[in-house]
Structures are given as structure tokens and as C-alpha cells.
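One structure below.
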Amino acid sequence: RLGFASASLDAVTLWTVLEHVADPAQSLGECARVLRRGGLLVVRTTAADSWGARLYGPCWLGYDAPRVLTVFSKHTLRRMLLDAGFGVARIACYFSDYYPFLWSLRNLCQAHIRAIPLRRLVLSSARSWPARLLSLPFFAVQSVLGKNSYVTAVAFKL
């Protein structure tokens, strides 16, 4: 329990939290309990149906076990919100995926590149301003298509 009275809050934000809890359905139910009718819930979580998950496979940041316990698709997140008593206003990708891709690239390098100088070269190249500028169109398209590593849901208590 969150320690708040039932129907006592106007808004709750779960910003990269839901994937770390043991029982996401129970956590969403608790959010519904403390929100007033029409209260706003904003959830940002990893998205299993992202390009990052597909590209990096087991090295993707969303599979960062043991810290990440659950990975959601947009469909699964919507279903869990509806089951918990929320209406879903929007599920979309709002932020650039540059840093999640860097984190996943770091995981990939650690898993597959034994030579530390080569690993550092790959990562420093990927972090450079030219690489970041060249990657902007890719990340813009990815966001428009809703394929980022993180997805944000805006929901309201029914």
C-alpha cells in the first residue's frame, strides 16, 4: 500500500517504475485506489515491441535483469491499465531513444568485445556529436512510428 487514503490524489506518476515491481497489476490497482475519479496516471516503462529490443536482443536495456522484472508491449500495458480500472487517453513514444541505445550498445560491447581499447573506441564514437547528429533522423522516425525503448501511457481513473 502507498500509505495514502483512497481517492485522495489527483495524479500519480510511475516514471520507469512499473518494470521494476514484482506485481505490476497490483501496483496499478493501488494507483487506482488512491486516485480520485478522473485522476491522472502517467506511466513510462520499457517497450518489448521496440526497435532497440529487436536490434540488441538480450543486451537491450529493457532486459536488465535482475532489476527489470517485467517488460511490456504497448498492447500489454494498455490491457493492464484497462483491467486496473483506467481509461487510456494515449500510449506513445515522446522522447529520443539515444541514451537507451547507448546503454544497450554498452551492454553489447561488454558481452562481445573482449579488447577494452576497442570497446572504448566503439562507445566513444557512438557518444560523439557527429554520431549523435547523424542518428537524429533514425531516432525521429523511430519515435513517430512508436518503436522507442520506452513508451509513455497517459490514463485516467474511471
Side-chain angles (χ1 to χ4, degrees), residues 1-113 119 123 126-127 132 135 138-158:
R1 292 187 58 111
L2 290 174
F4 296 101
S6 296
S8 63
L9 299 178
D10 292 320
V12 173
T13 302
L14 299 177
W15 204 252
T16 65
V17 171
L18 199 58
E19 65 272 19
H20 299 283
V21 299
D23 188 345
Q26 185 275 332
S27 296
L28 290 174
E30 180 64 4
C31 290
R33 183 189 70 77
V34 300
L35 281 169
R36 293 183 178 110
R37 184 182 182 113
L40 187 66
L41 174 67
V42 180
V43 177
R44 181 183 187 224
T45 188
T46 52
D49 46 358
S50 68
W51 285 355
R54 191 171 196 172
L55 176 66
Y56 288 108
C59 295
W60 177 59
L61 86 149
Y63 299 133
D64 188 24
R67 295 181 298 198
V68 173
L69 303 176
T70 307
V71 180
F72 303 87
S73 68
K74 287 182 227 38
H75 173 78
T76 304
L77 180 59
R78 178 183 301 277
R79 181 80 259 151
M80 289 187 80
L81 288 165
L82 294 172
D83 289 348
F86 290 96
V88 178
R90 186 163 169 90
I91 294 183
C93 298
Y94 294 105
F95 303 97
S96 170
D97 220 19
Y98 179 72
Y99 290 108
F101 266 73
L102 282 180
W103 184 342
S104 300
L105 180 62
R106 184 202 64 188
N107 293 345
L108 186 73
C109 287
Q110 287 175 343
H112 299 289
I113 300 176
R119 196 185 306 167
L123 292 173
R127 286 191 300 260
R132 188 164 184 175
S135 68
F138 169 78
F139 291 121
V141 168
Q142 181 182 258
S143 292
V144 168
L145 296 177
K147 295 297 183 177
N148 288 16
S149 290
Y150 286 98
V151 62
T152 303
V154 179
F156 55 93
K157 183 178 174 184
L158 296 174

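Reckoned from all heavy atoms, side chains included, excluding hydrogens, waters and symmetry mates.
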Side-chain ([X]) to main-chain ([Y]) donor-acceptor, under 3.5 angstrom:
X: Arg36; Y: Lys157; value: no
X: Ser135; Y: Phe138; value: no
X: Asp97; Y: Ser149; value: yes

Checklist entry - Who passes side chain to side chain contact (heavy atoms under 4.5 Å, CB included) against Ala11, sequence neighbours left out? => result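 Leu40.
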
Checklist entry - What is the minimum heavy-atom distance between Tyr56 and Ser104, and which atoms define it? => result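 For Tyr56 and Ser104, the tightest heavy-atom pair comes out as CD1-CB, 3.3 Å.
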
Checklist entry - Which heavy atom of Gly62 sits nearest a heavy atom of Val71, and at what distance? => result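 In terms of heavy atoms, the two residues are closest at O-CG2, 3.1 Å.
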
Side chains of [X] and [Y]: does their closest heavy-atom pair fall under 4.5 Å?
X: Val68; Y: His20; answer: yes
X: Lys74; Y: Arg78; answer: no
X: Thr76; Y: Thr70; answer: no
X: Asn107; Y: Tyr63; answer: no
X: Trp15; Y: Thr152; answer: yes

Distance (rounded to the nearest 0.5 Å) between [X] [atom1] and [Y] [atom2]:
X: Leu28; Y: Phe86; atom1: CG; atom2: CZ; value: 6.5 Å
X: Asp10; Y: Ser8; atom1: CG; atom2: OG; value: 9.0 Å
X: Asn148; Y: Thr46; atom1: CG; atom2: OG1; value: 12.5 Å
X: Tyr98; Y: Gln142; atom1: OH; atom2: CD; value: 13.5 Å

Item to check | Heavy-atom neighbours of Arg54 CZ exceed 12 at 6.0 Å | outcome: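 At most 12 heavy atoms, drawn from other residues, nucleotides or ligands, come within 6.0 Å of this atom.
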
Next on the checklist: Could you tell me if Arg44 and Thr16 have a donor-acceptor pair between their side chains, going purely by distance under 3.5 Å?
Outcome noted: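 No, no side-chain donor-acceptor pair sits under 3.5 Å.
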
Checklist entry - Is the ring centre of Tyr94 less than 6.0 Å from the ring centre of Tyr150? => result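 No, they do not, as the ring centres are separated by 6.0 Å or more.
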
